[in-house]
Amino acid sequence: MRLDKYLCACTGCTRSQSKLYLKKGLVKVNGEPEKRPEIKVDPGKDQVSLEGRVLSYREHEYLMFHKPAGCVTAVSDREHKTVMDYIQRKDKRGIFPVGRLDLDTEGLLFLTDDGELAHRLLAPGRHVEKTYFAMLAHPASQEDVDAFRTGIEIGEKRPTLPAGLSLLETPGHVLVTVVEGKFHQIKRMFQARGNQVVYLKRTAMAGISLDPDLDRGQWRELTEEEVERLRSLC
């Protein structure tokens with residue numbers, strides 16, 4: 001891989017910025033200063049540093065995003081702001097959201113350009129767990145917990161698969177864990193129980209929790225450990 005392309009892949013900079021880094025002598029390859037953008041580096045063998053920081057190359061991008069309410073889970077939309085509008089980086093071509101959250105739902109959303117991993121995370125047969133915090137119009141009961149554990153009729157061919165429902169200390173506050181992704185599933189499950197969701201936030205997916213340091217609308221790259229966890233589940 002060309003060195004300037006490698007710099008772009010690791011830092012998100014533009015090709016012209018990478019050449020400027022090289023011209024200023026800010027780049028080293030295997031400990032030696034390098035100014036030639038055209039030289040080839042092997043991501044698996046060569047060590048490249050920028051201003052003393054060793055760069056880590058990834059074939060794909062993996063981001064964690066704290067979706068706010070009011071934006072749609074899409075790459076583009078004519079009416080609403082999209083999740084992609086919050087991803088402020090030089091090159092975000094090819095990145096897309098993994099699955100979807102409703103317009104008024106907040107919380108954890110993964111974005112990537114790894115189509116194979118995204119497909120596996122969303123495949124119905126994988127039964128990847130997703131956990132949500134919900135505020136309800138009325139307190140839930142132990143009967144609701146039992147019903148969720150069995151499966152809820154929501155007007156489809158089959159009841160939902162068994163889901164976890166935990167009652168929190170504050171009345172009307174619950175945690176819900178599902179292994180499906182049916183349209184408005186959690187809202188429909190509570191509607192079937194004569195209740196209503198007034199606030200919904202995804203807090204975890206595939207065993208990875210939303211980073212508490214991320215405010216609404218903020219994002220960060222997944223750590224190597226988090227990426228490996230997603231891969232191991234798939």
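Computation of the quantities below employed the complete heavy-atom set of this structure, encompassing side-chain atoms and omitting hydrogens, waters and symmetry-equivalent molecules.
At least one side-chain heavy atom of I95 sits less than 4.5 Å from a side-chain heavy atom of M84. Proximity of L111 to F96: side-chain heavy atoms (C-beta onward) are nowhere separated by under 4.5 Å. When side chains are defined from C-beta on, T160 does not count as touching V178, because their heavy atoms never get closer than 4.5 Å. For the pair V98/L122, a side-chain contact is recorded, criterion being any heavy-atom separation below 4.5 Å from C-beta on. Taking the side chain as every heavy atom from C-beta outward, N195 and P139 never approach each other to under 4.5 Å. Using a 4.5 Å cut-off on side-chain heavy atoms (C-beta onward), L222 and L230 make contact. A 4.5 Å side-chain heavy-atom check between N30 and E32 finds every atom pair outside the cut-off. L101 is listed as a side-chain neighbour of Y132, based on a closest heavy-atom distance under 4.5 Å.
Each of M135 and F190 belongs to its own hydrophobic cluster when Ile, Leu, Val, Met, Phe, Trp and Tyr are linked at side-chain heavy-atom distances under 4.5 angstrom.
Shortest non-hydrogen contact noted between T223 and E226 is N-OE1, 2.9 Å. A pairwise comparison of heavy atoms in V83 and T73 identifies CG1-CA, 4.0 Å as the closest pair. Shortest non-hydrogen contact noted between E106 and A69 is CG-N, 3.5 Å. In terms of heavy atoms, V29 sits closest to E34 at CG2-CB, 3.9 Å. Nearest heavy-atom pair across G99 and L109 is O-CD1, 4.4 Å. Scanning all heavy atoms of the two residues, the minimum distance from R216 to P68 falls at CB-CB, 3.9 Å.
The backbone N or O of T203 lies less than 3.5 Å from no partner atom in the side chain of T131, so there is not a single donor-acceptor pair. Checked by atom type and distance alone, the side chain of H66 pairs as donor or acceptor with a backbone atom of L214 at under 3.5 Å. Side chain of K67 to backbone of T105: a donor-acceptor contact under 3.5 angstrom is found.
A salt bridge does not link E156 with R158: every distance from a Lys NZ or Arg NE/NH1/NH2 to an Asp or Glu carboxylate oxygen is 4.0 Å or more. Salt bridge status for E116 with R120: present, with a side-chain N to carboxylate O gap under 4.0 Å. A salt bridge links R231 with E228: the closest approach of a Lys/Arg side-chain nitrogen to an acidic carboxylate oxygen falls below 4.0 angstrom. A salt bridge links K187 with D102: the closest approach of a Lys/Arg side-chain nitrogen to an acidic carboxylate oxygen falls below 4.0 angstrom.
Between Y86 and F65, the two ring planes are tilted [angle within 30° to 60°].
We find the CZ-CG distance between R202 and L108 to be 6.0 Å, quoted to the nearest 0.5 Å. Expressed to the nearest 0.5 Å, how far CG of L55 lies from CG of L7 amounts to 6.5 Å. Atom OG of residue S232 and atom CD of residue E225 lie 12.0 Å apart, to the nearest 0.5 angstrom. Of the inter-residue distances, the one linking D42 atom CG with M1 atom CE reads 9.5 Å to the nearest 0.5 angstrom. In this structure, CZ on F148 lies 11.0 Å from OG1 on T177, to the nearest 0.5 angstrom. Between the NE2 atom of H173 and the CG atom of L136 there is a distance of 8.5 Å, given to the nearest 0.5 Å.
Within a 6.0 Å sphere centred on NE2 of H119, other residues, nucleotides and ligands contribute 12 heavy atoms or fewer.
Each of R36, E38, Q17, R15 was compared with D4 under the side-chain contact (heavy atoms from CB on, under 4.5 Å) criterion, and only R15 meets it.
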